[in-house]
Structures are given as structure tokens and as C-alpha cells.
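Contents: one structure, followed by commentary.
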Amino acid sequence: MAKQSKTPTASCVTMTELVLPNDTNTLNKLMGGRLMHWMDIVSAIAAQKHSNRIVVTASADNISFRHPIELGDVVTLEAKVTRSFSSSMEVSVKVFAENIPSGTKSQSHSAFFTFVAVDQGGRPIDVPELVPETEEEQEMYAGALRRRQLRLVLAKRMNPEDATELKSIFDVQA
């Protein structure tokens with residue numbers, strides 16, 4: 001199937017949740033699994049909006065837990081497609097925790113998710129190319145290829161010798 005037309009920079013998808021007692025562990029902190037579930041949902045929505053297709057999670061990596069989120073905090077998750085490949089898309093997710101009574105808000109977590117667009121039979125299908133516009137989007141776009149190659153090497157789906165973007169980082173001679 002031919003690659004679909006180019007799509008301008010993907011818009012940011014935002015999701016907001018309130019941390020309730022059922023979302024917490026015995027220390028009244030948001031459970032990591034619940035947060036990862038929310039991150040998967042918001043990033044899937046971003047990938048689906050970019051591709052206009054059904055998407056499935058292919059990987060979640062580099063999930064960074066900076067500090068815990070407390071019971072009662074408002075959690076805002078922001079997801080944005082950073083790059084699309086043939087049928088896959090990398091999505092950056094940032095998580096912010098806000099304690100409304102104290103007026104504090106900080107970025108608490110971040111991650112990269114990869115989604116594959118599929119047809120009704122579950123077979124991979126082409127997605128539109130993403131066109132980065134801002135300097136930040138261009139940096140994320142360029143970094144996405146390095147992150148993709150690293151994911152593929154670690155999954156043993158790419159030979160390290162073929163990971164040209166990684167070689168340029170470490171100045172490894174071919």
C-alpha cells in the first residue's frame with residue numbers, strides 16, 4: 001500500500017485524571033501501573049488521531065519516575081507523536097502532577113511509547129508522514145530515529161552494525 005499523504009505536526013492530546021484512593025498504594029501514592037495505564041491510553045489516542053487508524057501498543061520505554069504523585073493530586077498527561085515510520089509511530093508522553101490546594105504543579109514522569117497502525121485484520125498498515133515544524137519538534141523527530149534503532153537492537157530485531165544513528169552517537173567505526 002502506498003504511504004499516505006504528509007501530515008503537519010501532530011497536535012498535543014491532553015488527558016486529566018484525579019488520583020483517588022483506589023488508584024493508590026498503601027503509602028497513598030499513585031500506583032505505577034495505574035499511571036502506565038493512563039500513559040498508554042493518552043499516547044494511543046495521539047497515535048490514532050495522527051494515523052486515523054486502529055493502533056496497538058508495540059513498546060513502552062524510558063518511563064521515568066521522577067517523584068511520586070500523591071492521593072488527591074490532579075494528573076495531566078500530554079502526548080504527542082514525535083515521528084512516524086512505515087506503520088509505526090513514536091509518541092512522547094509527559095505527566096504533570098498538581099496539588100490544587102497548595103498551588104504546586106510539576107512534571108513528574110515522562111516516557112516514549114511506540115504504536116503500530118493496523119487494519120481490521122490486525123495487519124500493519126502505512127501511516128502518514130509527520131512533518132516537524134518547531135525547533136523542539138525537529139529535535140524530537142531526529143531523536144526518534146536513534147531511539148527506534150536502540151529499541152530494535154535491544155529487541156534483537158536489528159543488528160547493532162546496522163544501527164547507523166547509534167554509531168554516530170558513539171563514534172563507532174564500521
Side-chain angles (χ1 to χ4, degrees), residues 7-85 87-118 127-128 130-155 169:
T7 299
T9 302
S11 61
C12 185
V13 173
T14 304
M15 185 171 96
T16 304
E17 298 284 344
L18 175 64
V19 180
L20 298 172
N22 196 44
D23 302 320
T24 64
N25 60 25
T26 55
L27 299 173
N28 286 328
K29 312 290 186 202
L30 177 63
M31 289 185 289
R34 176 80 67 189
L35 179 61
M36 288 187 283
H37 174 76
W38 292 343
M39 294 169 87
D40 190 40
I41 291 170
V42 73
S43 54
I45 293 168
Q48 192 167 11
K49 286 180 89 170
H50 174 77
S51 65
N52 198 32
R53 301 287 184 189
I54 298 167
V55 298
V56 295
T57 309
S59 71
D61 56 283
N62 199 29
I63 298 176
S64 169
F65 292 87
R66 293 192 181 118
H67 58 81
I69 297 174
E70 305 289 333
L71 173 65
D73 282 357
V74 173
V75 178
T76 303
L77 302 99
E78 296 177 356
K80 192 173 192 176
V81 175
T82 58
R83 188 164 181 168
S84 60
F85 297 94
S87 60
S88 67
M89 295 154 280
E90 181 192 77
V91 180
S92 169
V93 183
K94 294 179 183 176
V95 179
F96 300 89
E98 181 177 12
N99 181 298
I100 293 176
S102 72
T104 59
K105 182 178 181 178
S106 63
Q107 184 176 345
S108 59
H109 300 73
S110 62
F112 290 101
F113 281 72
T114 302
F115 289 86
V116 174
V118 296
V127 299
L130 182 115
V131 180
E133 295 172 345
T134 68
E135 187 175 322
E136 179 186 357
E137 290 167 351
Q138 291 168 356
E139 288 174 15
M140 293 295 284
Y141 182 90
L145 181 56
R146 291 187 293 275
R147 290 185 293 273
R148 179 176 194 255
Q149 288 186 356
L150 181 58
R151 280 190 287 272
L152 292 172
V153 167
L154 292 174
I169 293 173

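Only heavy atoms go into these numbers, but all of them, side chains included; no hydrogens, no water, no symmetry mates.
Once rounded to the nearest 0.5 Å, the distance linking OG1 of Thr76 with CE of Met15 reads 10.0 Å. Lys49 NZ to Met89 CE: the interatomic distance, rounded to the nearest 0.5 Å, is 14.0 Å. Between the CZ atom in Phe113 and the CG atom in Asp61 there is a gap of 8.5 Å [rounded to 0.5 Å].
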Carefully, step by step, assess Arg148 and Ser88 under the rule side chain to side chain contact (heavy atoms under 4.5 Å, CB included). CA-CA 10 Å; Arg148 179 176 194 255; Ser88 67; 4.1 Å; yes
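The heavy-atom pair separating Ser108 from Ile69 by the smallest distance is OG-CD1, 3.4 Å. Closest approach of Asp73 and Ala97 over heavy atoms only: OD2-CB, 4.1 Å. Across Ser51 and Val127, no two heavy atoms sit closer than the pair CB-CG1, 3.7 Å. Taking every heavy atom of both residues into account, Val81 and Ala46 meet most closely at CG2-O, 3.7 Å. Shortest non-hydrogen contact noted between Thr82 and Ala144 is OG1-CB, 4.0 Å. When all heavy atoms are compared, the tightest approach of Ser43 to Val93 is CB-CG2, 3.6 Å.
Considering only heavy atoms from C-beta on, Ser106 stays 4.5 Å or farther from Arg66 through its side chain.
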Would you tabulate the side-chain donor-acceptor contacts of residues 26-42 under 3.5 Å, counting partners in other chains and residues two or more places apart, or write 'none'?
from, atom 1, to, atom 2, distance (Å)
Lys29, NZ, Glu70, OE1, 2.9
Lys29, NZ, Glu70, OE2, 2.7
Arg34, NE, Asp23, OD1, 3.0
Arg34, NH2, Asn22, O, 3.2
Asp40, OD1, Thr57, OG1, 2.8

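Here the side chain of Arg83 pairs a donor or acceptor atom with the backbone of Tyr141 at under 3.5 angstrom. Under a 3.5 Å cut-off, the side chain of Arg147 and the backbone N or O of Met140 do form a donor-acceptor pair. At least one donor-acceptor pair under 3.5 Å links the side chain of Ser84 to the backbone N or O of Pro128.
Ring planes of His109 and Phe65: perpendicular class, angle over 60° (limits at 30 and 60°).
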